[in-house]
Every structure is written in structure tokens, then in C-alpha cells.
Engineer: 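Starting off with a structure, shown below.
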Amino acid sequence: MSLRRQYPFHLIEPKWQRHWDTHQTFRAWNPGELIPAAHPFGLRHGLGGQEPGADALPPKYYILDMFPYPSGAGLHVGHPEGYTATDILARYQRARGFNVLHPIGWDAFGLPAEQYAIRTGQHPRKTTETNVATFKRQIKSLGFSYDWTREVDTTDPGYFRWTQWIFLELYNAWFNPATRRAEPIHTLRYPPEIQSENDRRTYRDTRRLAFVSEAPVNWCPELGTVLANEEVIDGKSEIGGFPVIRKPMRQWMLRITAYAERLLEDLSAIEWSHSLKEMQRNWIGRSEGAEVTFSIAGAAHQLTVFTTRPDTLFGATYMVLAPEHKLVELITTADQRQAVEQYRQLAATKSDLERTELAKDKTGVWTGAYAINPVNQKQIPIWVADYVLASYGTGAIMAVPGHDARDLEFARKFQLPVVQVVQPLGAADWQGFVDDGIAVHSASAEVSLDGLPTADAKRTITEWLQQTGRGRRTINYKLRDWLFSRQRYWGEPFPIVWREGHHKALPASALPVCPPDLTDFKPTASGEPPLARAKDWVALPDGAVRETNTMPQWAGSCWYYLRYLDSTNAKAFTSPEAERYWMGTAAATGSTPGIDLYVGGTEHAVLHLLYARFWHKVLFDLGHVSTPEPFFKLVNQGLILGEDGQKMSKARGNVINPDEIVRDYGADALRLYEMFMGPLEMVKPWSTKGVEGVYRFLGRVWRLFIDEASEAELEQALTTAPPEQQIDMLQRARPSATIQVTEPTGAQLKALHACTKKVTEDLDGMRFNTAISTLMIFVNEAMTWAMKPLAVLREFLVLLQPFAPHLAEELWQRLAAGADAPARGAGVALAYQPWPKWDPSLLVEDWLEIPVQVNGKLRDKIVVKATATPQELEALALQAEKVQPFLQGKTIKKVIVLPGKLVNIVV
RNA sequence: GCGCGCGUGGUGGAAUGGCAGACACGCCAGACUUAGGAUCUGGUCCCGCAAGGGGUGGAGGUUCAAGUCCUCUCGCGCGCACCA
């Protein structure tokens with residue numbers, strides 16, 4: 001701390017935080033709720049003492065933060081960045097008359113609490129409670145205008161009961177390809193050949209949106225759990241960075257792939273950043289191409305491959321199967337069996353990391369078998385190689401080494417033939433040419449592509465394949481179904497029981513299914529999930545056993561924004577009325593469909609944000625929510641780096657603790673600084689000097705309003721007063737005598753209205769940094785006024801309030817208490833004061849300074865009446881003193897005159 | 001390798017195609033002070049005493065006018081990455 005205390009923020013901030021808490025100032029009102037007569041929202045909208053329906057309430061504005069995982073480390077300065085941005089906008093929209101929903105909660109299931117429990121034996125519930133308490137204290141110390149009555153905690157049985165309920169909705173639904181929608185499972189029709197109840201059960205169970213699969217999954221031995229594709233980065237676990245291997249296991253999956261196309265299409269209807277949409281598009285990974293079926297020489301089997309380049313079919317000189325491909329064992333010849341088996345086993349034990357990052361060198365073995373190319377009946381060898389992934393396409397490819405870099409590398413290593421079938425348009429070498437060109441050497445007795453540009457060749461060959469029954473046009477996605485079960489303790493148990501090897505959903509009335517109490521949270525020695533230790537819990541009286549896997553952390557965050565709408569509802573995840581009002585369509589409410597603004601970090605680009613969209617679409621299809629997309633507009637805040645420009649980390653010792661900033665400079669200063677650093681979305685380094693800068697600004701605001709002598713008295717009195725009396729002593733700081741009820745001068749009005757205009761426009765564009773600089777400019781000017789009109793300063797406080805709410809409220813109360821004028825809404829909380837309007841006519845200048853350029857270079861400035869005609873401007877510009885030397889001996893070719901802006905003389 | 005984004009003073013950053021550097025940090029000078037790490041005032045892109053010249057990663061282009069638009073190029077950041 002190197003500055004003196006600029007103003008008594010240490011008293012002001014707790015005072016207003018307590019005031020907002022006890023008055024529930026920021027409570028958001030649902031349709032039909034009784035609004036107390038004295039609540040500022042009721043006073044503002046004339047609804048006090050009433051129970052207005054959705055029609056009588058003002059339009060809604062739903063502004064959401066990504067709720068935090070309450071880690072043991074406490075809040076870091078990245079959290080307040082997004083939270084301050086949304087809080088400023090929440091306060092702004094409240095002032096503009098919206099019914100604002102601005103909630104917060106805790107995403108509290110998760111691995112760290114469980115691992116801490118394994119180390120120390122402390123129950124994760126206890127750890128979670130402690131961490132939530134810390135986060136809550138820290139967040140409250142920043143003065144955010146959350147509606148705390150709607151706080152949610154994903155680990156609360158009253159909450160996860162509905163997470164389990166939504167899982168049942170998924171379980172009891174299937175995706176109807178004809179309607180492209182989820183429908184209740186009872187609408188599923190069985191093909192005539194499926195008759196027995198057992199077959200029907202299997203048919204049903206393999207079509208549910210939540211289903212059991214026995215497929216190779218990402219298994220992390222270190223964490224003792226499986227992970228979703230999205231949780232594996234470069235072959236390592238996202239949490240902890242431990243190796244991940246592929247292992248076949250029986251797991252719960254969610255059928256997100258059914259929604260691939262809609263998840264992709266609907267991106268165009270929402271306002272997200274370009275890069276974020278691009279990340280989701282990449283993850284979904286749609287690619288158009290064809291499936292081609294090859295027969296196998298001397299065998300009845302067929303081999304289907306996916307290719308985006310069916311036009312290169314004539315160039316296929318060999319085939320490759322993924323090591324896991326089922327056909328491998330069926331077609332491998334006796335001679336090759338040993339080599340193939342060895343290769344497959346080696347591939348199975350390799351981690352993903354070893355198969356990708358570390359092993360760029362291609363490996364593989366020949367199966368001994370041949371495929372027959374359908375276009376020309378040529379026999380080409382079938383290989384097994386791990387550069388082909390079992391999980392993409394059909395797990396097999398036709399290799400065209402002439403026009404694919406990977407196939408070329410493989411062909412060169414194993415001396416397989418390379419042939420040309422595409423002629424580059426330019427002078428490029430054809431070997432390894434992968435772009436579009438002209439088809440060559442692509443003709444047989446049955447079909448010819450020669451001379452066709454790539455696009456036409458694709459179309460021609462695909463039609464031919466389709467007509468001859470050897471293939472078809474198809475679309476492939478990289479997106480995989482969502483692996484939804486984990487071998488953990490600290491997560492939602494599945495509402496599922498098993499009997500005789502079949503799973504069965506519990507009825508909704510059996511919810512919540514609470515996890516049993518345990519003292520040992522490790523997986524069992526046999527590798528079963530920790531819940532299996534609770535034998536009494538697992539075994540049910542009727543002989544059934546409970547599912548012992550739990551849901552992943554993402555489950556709770558998939559729908560929390562819906563629970564906020566009606567967070568204590570015990571009968572439904574939310575009431576339909578509340579859902580319609582807050583999430584409803586534009587036509588019904590006059591506001592945005594879905595959540596108006598969602599702010600959070602970019603780390604959830606393909607995890608939470610994809611999963612939540614998926615769940616929302618299922619709920620939409622099943623009639624539970626009104627919109628197909630939850631998050632209409634989304635903004636990612638940029639990372640805050642340490643003062644050294646490096647990512648903040650304990651190891652580097654460059655972590656800034658928000659508690660210390662609040663202690664030394666106050667919450668308003670922290671809020672203001674984080675917004676003043678630069679554009680919200682940008683990555684930017686922390687600067688404590690910068691905090692001091694905005695802190696000094698807040699001090700100037702204080703001194704603009706407060707009498708200096710009285711403040712000195714206050715400071716003096718505080719040195720001896722006991723802490724509990726100090727807050728009341730704030731009253732001793734009296735408004736400055738220079739604040740008077742006077743008619744503002746033109747210059748004063750102009751300063752206010754210019755400030756109002758710019759701040760308003762900047763808030764609409766989320767340009768918080770320039771909004772704050774505008775407030776600074778106003779204060780710098782107002783400091784020079786000998787007489788400060790009360791009305792002007794009051795309006796300024798309404799503008800300041802979203803940014804520095806504690807200080808603004810304190811000063812507002814001070815001016816209202818003065819009783820020296822009929823205050824604008826005296827006694828009504830500043831937070832609900834109407835946002836000021838600006839009068840454009842006040843901003844018009846009588847005289848303007850106009851730059852005069854010669855050939856685009858600034859040479860002089862002329863002062864003219866704002867009403868000057870272009871002719872007058874041109875004449876004055878040509879006479880301007882400093883312009884003369886540049887016109888000497890030249891012919892004026894042209895004069896560009898922009899009235900009110902600029903004159904450019906071209907010579 | 002592919003995709004996306006970004007390059008502006010000593011620093012964070014401002015600039016609907018129209019005066020480059022708002023606002024702030026830092027620094028310099030001054031005022032008030034016993035003092036200043038408080039506050040206030042002034043200055044602060046570079047070269048130059050000045051007149052003037054140069055300047056938004058680099059090279060071209062479009063335009064009366066380019067930080068802004070186009071092409072190429074270099075550098076940085078983020079994402080994806082054997083996806084057929």
C-alpha cells in the first residue's frame with residue numbers, strides 16, 4: 001500500500017452490501033409473485049404490493065455468469081472480470097427499466113474435493129461447504145447485484161434431483177430421424193421382424209438418448225475413471241495431465257451425435273464470437289463425402305470406407321483398417337496372422353499420446369488379404385495401421401497415396417504403388433497434390449471421370465456408386481457420443497437399477513437418489529466405482545442393484561441456468577410460467593429469446609457450451625423449454641495475466657489475490673480497474689499501478705462531492721472510534737458547499753450530456769474501458785467548476801452506479817439527505833433510478849475547429865461557425881495561413897469539403 | 001500442418017476510411033508542504049533550437065484521404081491436429 005486512503009471505502013462498502021442484503025434490493029420477481037410495497041422495483045414500476053403476471057411485469061433481461069467451481073484456492077482475479085462486466089450491465093438494464101435476472105451459484109461436484117477426501121479422509125461435502133463459504137464471502141465483498149434468493153448448488157439434493165430427472169428424460173427418449181427431434185420412447189415403432197419382448201427391449205435400449213455401450217473408452221488409470229473425449233487433451237487428462245489409454249468398458253453414453261447437424265445449424269442463429277463458433281464447428285467436424293464398399297477377394301466379407309475424395313477412387317492402391325476394426329480377424333491370412341496379432345496388441349497398449357504425438361512415424365502390417373476396387377476390379381492389398389482411427393468414419397480407408405500426404409508417407413515407407421489421378425491446375429507436382437484439379441487416369445469399362453474438375457468428378461462417381469449399389473453420398477462427423485459415466489464418488493448417482501443384466505430407470509418419485517455415506521472414496525480393488533463399497537446402498541430389497549457409476553461434473557452445469565428461473569420449486573425443475581417469462585420468445589416479452597447475455601471463459605468452448613446446448617435441445621424437443629438455444633448472446637472474457645505478462649500460477653508466484661486488492665483499494669476500485677484494463681475479450685496483464693490509478697479517480701469523485709473540512713474531521717474521529725461505531729460516523733462527511741441548487745450552465749449541461757451519450761453507447765457495445773475514461777473526463781472537468789449544480793451531479797451518480805455502486809450509493813444518499821432540493825427520487829435506491837437520457841441539441845457546437853489538409857496531410861486548422869456552407873469552408877481553407885506555402889505555384893486540382901469535418905485541398 | 005484472432009508511445013490501451021496516440025500508468029517540471037510514496041497544475045510518439053520532417057510489424061496496392069479496405073510477407077497468441 002503506497003497511497004493514502006483516498007476515501008473511506010472500508011466503511012462504505014460493507015455498509016451498502018449489508019443494505020442490499022437486508023432489503024433484497026436485487027431480488028428478481030417472477031410472474032405472480034407478491035412484490036412488497038417498499039421494494040424499490042415495485043416503487044420504480046408502480047407494482048408494489050401487487051402480484052403482477054408476465055404481461056404486467058416489465059420486459060425481462062437475463063444476464064448470466066458461468067457459475068464457478070468453488071476450489072480450495074478461493075476466487076482469483078479472473079472471476080471478478082466477467083462478473084463485473086455482467087454486473088455493470090445488470091445494473092444498467094435495471095436502470096433502463098428491465099426486470100433483470102442476475103443469479104449465481106456453485107458448480108460444486110468435481111474431482112478436486114474427491115481427491116482431497118482420498119488424501120485426508122475429509123468428506124467432500126465438508127470440503128465443498130467450506131469452499132462455497134469462502135467463494136460466497138469473496139463474491140459478496142465485491143458488491144455484485146445478484147439475486148441471492150436464487151443461489152443454486154449442484155451438490156444439493158434439491159438440485160441434483162432434477163439433474164437426475166433430466167437424465168430420465170434422456171433415458172426415456174429416442175431421436176426420430178424422420179422428425180429430427182427427440183421423442184418419448186413409447187413413440188418408437190418396432191420393425192415387424194422384432195416380436196419378442198426381449199428383442200424389443202434391446203431395440204429400444206439401443207435407441208435411447210441415454211444408453212449403455214461396451215466400447216473402447218478413455219480410461220485414465222491415475223484418476224481411476226473414464227473421461228469424455230472433450231476431457232482428453234493431447235492424450236492426457238484435462239485435469240492433472242495424466243496419461244489416458246483406450247479400454248473397452250461398459251459405460252453410459254448420451255446420444256449427442258444425433259444432434260450434430262442441429263448443433264451446427266443453430267450456431268447461425270446465435271450471437272457468439274466467430275472464433276467460438278468456429279471451435280464448435282471444428283469439434284462437430286462435419287465433412288461431406290461418400291461411403292464406398294469394396295468386396296474382398298476370395299471372401300464373402302465386404303469392406304466399407306468413408307472418403308471425402310471419391311473422385312480419387314481410381315488412385316486407391318491399398319486399403320487400411322484400424323487395428324480395432326472387426327474385419328481384421330476375419331480376413332487376415334494364416335501367414336500374416338502372427339504379425340497382425342502382434343501389431344494389434346501393441347496398438348492396444350499404446351496410449352493415445354503414443355499413437356499420435358510421439359509416433360509420427362507410420363507403422364502397419366499387411367493382412368495378407370486383397371480388396372477389389374469397384375471401379376476397375378483391381379486387387380489391392382489390405383493393411384492394418386494405427387494411423388487410421390477406429391472412431392472416425394468406418395474405421396477403414398481406401399489409401400490414395402498420390403493425393404493424400406499421410407497415405408503417401410505410408411506408401412513410401414512400405415513401397416506401395418503411387419499413381420496419379422488428379423492433374424493440378426498450376427505447375428504443381430502431382431505427387432501428394434491434395435487440392436482440387438482435373439481427374440486423369442480415371443477411366444474403366446464401366447465409368448470414366450477423365451477431364452472432369454474435382455467437384456464434377458465427385459458428383460459423377462458418387463452417382464455411379466449409388467446406382468450400382470457400391471456406395472452412397474454421406475456425411476460424417478468428428479463428434480462422438482458423450483461418455484457420461486464416471487467411476488467417482490462425488491457426483492450425481494444414476495437413477496438406474498440393474499436386474500438380471502438389464503438396466504431399468506427408477507421412477508421420478510424415487511428422486512433424489514443420494515450418494516451413500518462413505519469413509520473411503522477410492523475405487524475398489526477390483527476396479528469398481530467407489531459407490532460399490534456401500535453394499536447396503538447398492539443392494540435393493542427386491543434383488544435389484546443400483547448403478548454405481550456417477551455422472552460427470554458437466555451434468556449439473558448443463559441446465560443450472562434453468563434452475564435459477566425457479567430455484568426452490570419442489571414440483572418441477574422450473575415452473576412453465578417462469579420458463580416462458582425469462583426464456584421465452586421475443587414476441588411474448590418484447591425481449592430476446594433465451595439468455596440475453598452469457599459471459600465466461602473460453603475454456604468451456606467445447607465442453608459445457610456444447611453439452612448444455614445439447615440438453616437444452618432435448619428439453620426443447622420434449623416440450624420443457626421454449627427456445628431451441630439457451631444462450632442467445634455469449635461473450636468470452638480474456639484471461640488476466642500476471643504483472644510479468646505470464647499466466648498467473650502459484651509456481652510463478654505472480655498470482656494476485658482479490659481479497660488483498662479489496663482490502664487495500666476497495667471493491668469499487670477492483671471492479672473499475674478490471675473493466676478499465678482494456679476490452680473485455682482481450683488477454684491483458686495485471687498492473688497494481690493501474691489499480692491505484694482508478695482508485696485515485698474514485699478519490700477525486702469523493703472529493704468532488706464531499707466537504708474537505710468535514711472529511712478531515714471524519715478521518716480524525718475514525719482514529720479513536722471503536723470499529724462498530726465507525727460506519728455510522730460516515731454521516732460526518734458532509735456534501736461540499738459548492739454543490740448548489742442552481743441552473744446549470746451550458747457548458748455543464750454539455751459535459752453531462754456528452755458523458756451520458758458516450759457511456760450509454762459504450763455500455764450497449766460492452767466497451768467498459770472507454771465508458772470509464774468518459775466518466776473520468778467528466779470528473780476532471782467537474783473538479784474545475786466553482787459551482788456544481790445538484791441536478792447535474794445527481795445524474796452523474798446514476799451513470800457511475802453500475803461501475804462503482806458502493807461509492808455512488810453513498811454519495812447519492814448524501815445528496816438526498818441534504819433536503820436542500822426536491823431530489824430526483826429521493827429515498828429510492830440509486831440502483832433503481834431511471835437511466836439518464838441525453839439531449840442531442842445540447843451537444844451541438846456553435847463553432848467548430850476544422851482541420852485543413854493539403855494532399856491528405858494536416859496543414860492548418862480553421863475555426864468556423866457550425867452553420868458554415870461548403871463554399872464558405874472552402875474559401876476559408878484556401879486562405880488559411882499555414883496552408884499558403886503549400887499552394888505556392890501549384891494548381892488546385894480539387895477540394896474535398898466535408899461540412900463540419902474536414903477540408904482536403906488536392907494540388 | 002489446418003482454422004481463427006492480434007501486431008499502435010517506455011506501459012495498459014483510444015481512434016463510423018477523415019486531426020494517430022483519448023483515458024490511465026510511468027516519467028519530467030512546478031505549486032502547496034517540516035516532509036511526500038498525499039493532493040493540485042503543466043509537460044511527455046520520434047528527430048529537430050525552430051521551420052519542418054518522420055511515424056500504427058514489413059513490402060506493395062485501392063483512395064482526394066488508410067492504423068482502419070485489398071494482396072503478399074514476418075512475428076505473436078489461441079484452438080484443432082494421422083478426422084481419410
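As the structure is a computational prediction, the values presented were derived from the model and not from experiment. Chain naming here is simple, since letters A, B, ... match the order of the sequence lines and numbering starts at 1 in each.
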Engineer: Regarding Met398(A), tell me which of base, sugar-phosphate or nothing describes its non-hydrogen contacts under 4.0 Å with the strands shown.
Structural biologist: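 Since no nucleic acid heavy atom lies under 4.0 Å of Met398(A), the category is nothing.
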Engineer: Let me spell it out: for each of Gly395(A) and Phe886(A), pick the nucleotide of RNA chain B with the closest heavy atom. Which residue's pick is nearer the 5' end?
Structural biologist: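 Final value for this comparison: Phe886(A).
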Engineer: Side chain of Ile777(A), heavy atoms from C-beta onward: which of A22(B), G18(B), C19(B) has the nearest atom to it?
Structural biologist: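 Closest of the options to the side chain of Ile777(A): A22(B).
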Engineer: Expressed as a whole number of Å, how far does the P atom of G36(B) sit from that of A29(B)?
Structural biologist: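 That atom pair is separated by 13 Å.
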Engineer: Counting only side-chain heavy atoms from C-beta out, which of G3(B), U39(B), C82(B) sits nearest to Glu278(A)?
Structural biologist: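 For the Glu278(A) side chain, the nearest candidate turns out to be G3(B).
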Engineer: Pairing check on C25(B): which nucleotide meets the Watson-Crick or G-U wobble criteria with it, both distances under 3.5 Å?
Structural biologist: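 Its partner is G10(B).
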Engineer: Reckon Asn780(A) touches a base, only the sugar-phosphate, or nothing at all at heavy-atom distances under 4.0 Å?
Structural biologist: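 The residue Asn780(A) makes sugar-phosphate contact but no base contact.
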Engineer: Ignoring hydrogens and geometry beyond distance, is the side chain of Lys901(A) in donor-acceptor contact with the base of U16(B) at under 3.5 Å?
Structural biologist: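 Result: at least one qualifying N/O pair found.
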Engineer: Counting only side-chain nitrogens and oxygens, does Gln280(A) get under 4.0 Å of the OP1 or OP2 atom of G79(B)?
Structural biologist: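 No.
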Engineer: Where the side chain of Arg703(A) is concerned, which of G12(B), C40(B), A14(B) is the nearest nucleotide?
Structural biologist: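 Taking heavy atoms from C-beta onward, the closest nucleotide is C40(B).
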Engineer: Would you call the rings of Tyr611(A) and Trp482(A) parallel, tilted or perpendicular, where under 30° means parallel and over 60° means perpendicular?
Structural biologist: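 If you compare the ring of Tyr611(A) with that of Trp482(A), the planes turn out parallel.
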Engineer: May I ask which nucleotide in the shown strands pairs with A31(B), Watson-Crick or G-U wobble, both distances under 3.5 Å?
Structural biologist: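 Answer to the pairing question: U39(B), which forms a Watson-Crick or G-U pair with A31(B).
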Engineer: Looking at Trp272(A), is Arg281(A) sitting on its ring face, NZ or CZ under 6.0 Å from the six-membered ring centre and within 45 degrees of the normal?
Structural biologist: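 Not flagged: Arg281(A) not positioned over aromatic ring of Trp272(A).
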Engineer: Do Lys478(A) and C80(B) have a side chain to base donor-acceptor pair shorter than 3.5 Å?
Structural biologist: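 No.
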Engineer: Does C72(B) have a Watson-Crick or wobble partner in any strand here, with both distances under 3.5 angstrom, and which is it?
Structural biologist: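 Its partner is G58(B) (Watson-Crick or G-U wobble, both distances under 3.5 Å).
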Engineer: Could you check whether the rings of Phe778(A) and Phe796(A) sit parallel, tilted or perpendicular, using 30° and 60° as the cut-offs?
Structural biologist: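 Phe778(A) vs Phe796(A) ring planes: parallel.
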Engineer: Between CD of Glu291(A) and OG1 of Thr307(A), what distance do you get to the nearest 0.5 Å?
Structural biologist: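 One gets 11.0 Å once the value is rounded to the nearest 0.5 Å.
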Engineer: Could you tell me whether the side chain of Asn904(A) has a donor or acceptor atom within less than 3.5 Å of a complementary atom in the base of C64(B)?
Structural biologist: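 Checked by distance alone, the answer is yes.
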Engineer: Looking at Phe410(A), is Lys362(A) sitting on its ring face, NZ or CZ under 6.0 Å from the six-membered ring centre and within 45 degrees of the normal?
Structural biologist: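 No.
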Engineer: Both distances under 3.5 Å, Watson-Crick or G-U wobble: report the partner of G48(B), or none.
Structural biologist: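 Pair assignment: G48(B) / none.
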Engineer: Any donor-acceptor pair under 3.5 Å joining the side chain of Lys894(A) to the base of C64(B)?
Structural biologist: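 No pair found.
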Engineer: Taking atom C1' of G13(B) as reference, at what distance in whole Å does atom CZ of Phe676(A) sit?
Structural biologist: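 About 8 Å, once rounded to whole Å.
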Engineer: Could you tell me how far apart Tyr665(A) (OH) and A38(B) (P) are, to the nearest whole angstrom?
Structural biologist: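 In whole Å, A38(B) P lies 11 Å from Tyr665(A) OH.
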Engineer: Once you apply a heavy-atom cut-off of 4.0 Å, does Arg700(A) come out as touching a base, just sugar-phosphate, or nothing?
Structural biologist: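 Sugar-phosphate contact only.
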Engineer: For Gly856(A) and for Gly393(A), locate the closest nucleotide of RNA chain B by heavy-atom distance; then report the residue assigned to the nucleotide nearer the 5' terminus.
Structural biologist: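 Looking at RNA chain B, the more 5' nearest nucleotide goes with Gly856(A).
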Engineer: Choosing from G54(B), C4(B), C23(B), which nucleotide comes nearest the side chain of Ser275(A)?
Structural biologist: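 It is C4(B).
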Engineer: Please give me the minimum heavy-atom distance between Pro401(A) and Gly315(A), naming the atom from each residue.
Structural biologist: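 Smallest interatomic distance, heavy atoms only, reads CD-O, 4.0 Å.
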Engineer: Contact class for Lys861(A) vs. all strands (heavy atom < 4.0 Å): base, sugar-phosphate, or nothing?
Structural biologist: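 Base contact - Lys861(A) has a heavy atom under 4.0 Å of at least one base atom.
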Engineer: Would you sort out whether Gln884(A) and Arg859(A) count as a side chain to side chain donor-acceptor pair (under 3.5 Å), showing the intermediate values?
Structural biologist: CA-CA 9 Å; Gln884(A) 297 314 309; Arg859(A) 293 304 177 188; over 6 Å; no
Engineer: Val906(A) has a side chain; which of G18(B), A84(B), C64(B) sits nearest to it?
Structural biologist: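 Closest of the options to the side chain of Val906(A): C64(B).
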Engineer: When you get a sec, tell me which of C80(B), G53(B), C19(B) is the closest nucleotide to the side chain of Pro851(A)?
Structural biologist: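 From the listed options, C19(B) comes nearest.
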Engineer: Scan Arg859(A) against the nucleic acid and name what it touches under 4.0 Å (heavy atoms): base, sugar-phosphate only, or nothing.
Structural biologist: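 Since only primed, P, OP1 and OP2 atoms lie under 4.0 Å of Arg859(A), the category is sugar-phosphate.
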Engineer: Indicate syn or anti for G9(B), taking the glycosidic torsion and treating anything within 90° of 0 as syn.
Structural biologist: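 What G9(B) shows is a syn base, its glycosidic angle lying within 90° of 0.
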Engineer: Specify the separation, in whole Å, of atom CD of Glu409(A) and atom P of A84(B).
Structural biologist: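 Going from CD in Glu409(A) over to P in A84(B) covers 17 Å.
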Engineer: Determine the Euclidean distance between corresponding C1' atoms of C82(B) and U73(B); express it in Å to zero decimal places.
Structural biologist: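 Here U73(B) and C82(B) have their C1' atoms 30 Å from each other.
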Engineer: Is any side-chain nitrogen or oxygen of Asn769(A) closer than 4.0 Å to OP1 or OP2 of A14(B)?
Structural biologist: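 Looking at the OP1 and OP2 atoms of A14(B), one of them is under 4.0 Å from a side-chain N or O of Asn769(A).
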Engineer: Give a yes or no answer on whether the side chain of Tyr695(A) reaches the backbone of Tyr673(A) with a donor-acceptor pair at less than 3.5 Å.
Structural biologist: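 No; zero donor-acceptor contacts below 3.5 Å.
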Engineer: Counting side-chain heavy atoms from C-beta on, which of C4(B), U39(B), A84(B) comes nearest to Leu389(A)?
Structural biologist: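 Of C4(B), U39(B), A84(B), A84(B) is nearest to the side chain of Leu389(A).
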Engineer: Could you check how far CD1 of Ile772(A) sits from P of A14(B), rounded to whole Å?
Structural biologist: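 The distance from CD1 of Ile772(A) to P of A14(B) comes to 12 Å, rounded to the nearest Å.
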Engineer: Just call it for Val683(A): base, sugar-phosphate, or nothing, with non-hydrogen atoms closer than 4.0 Å on any strand.
Structural biologist: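 The answer is sugar-phosphate, as Val683(A) gets under 4.0 Å only of primed atoms, P, OP1 or OP2.
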Engineer: Where the side chain of Gln853(A) is concerned, which of G18(B), G26(B), A14(B) is the nearest nucleotide?
Structural biologist: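 It is G18(B).
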Engineer: So what's A81(B) paired with, Watson-Crick or G-U wobble, going by both distances under 3.5 Å?
Structural biologist: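 Across any shown strand, A81(B) pairs with none.
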Engineer: Within the 4.0 Å heavy-atom criterion, would you say Ser287(A) contacts the bases, only the backbone, or no part of the nucleic acid?
Structural biologist: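 The residue Ser287(A) makes sugar-phosphate contact but no base contact.
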Engineer: Is there a side-chain polar atom (N or O) of Arg696(A) under 4.0 Å from OP1 or OP2 of C25(B)?
Structural biologist: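 Answer yes for this pair, as a side-chain N or O of Arg696(A) is under 4.0 Å from OP1 or OP2.
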Engineer: In this structure, how many angstroms lie between the C1' atom of C78(B) and the NE2 atom of His274(A), rounded?
Structural biologist: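 The answer, rounded to whole Å, is 13 Å.
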Engineer: Give the nucleotide from the list A84(B), C23(B), A15(B) with an atom nearest to the side chain of Arg767(A).
Structural biologist: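 Given the options A84(B), C23(B), A15(B), the side chain of Arg767(A) is closest to A15(B).
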Engineer: Between G18(B), A24(B), A14(B), which one does the side chain of Leu898(A) approach most closely?
Structural biologist: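 Nearest listed nucleotide: G18(B).
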Engineer: May I ask you to say what Ser687(A) touches in the nucleic acid, namely base, sugar-phosphate or nothing, with a heavy-atom cut-off under 4.0 Å?
Structural biologist: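 Nothing: the residue Ser687(A), judged by heavy atoms under 4.0 Å, touches no strand.
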Engineer: Is it true that Arg286(A) and Glu261(A) make a salt bridge, defined as a side-chain N closer than 4.0 Å to a carboxylate O?
Structural biologist: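 Salt bridge between Arg286(A) and Glu261(A), a charged N being under 4.0 Å from a carboxylate O: yes.
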Engineer: Give me the distance, rounded to whole Å, that separates U56(B) from C19(B) when you measure between the C1' atoms they each carry.
Structural biologist: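 Their C1' atoms lie roughly 15 Å apart.
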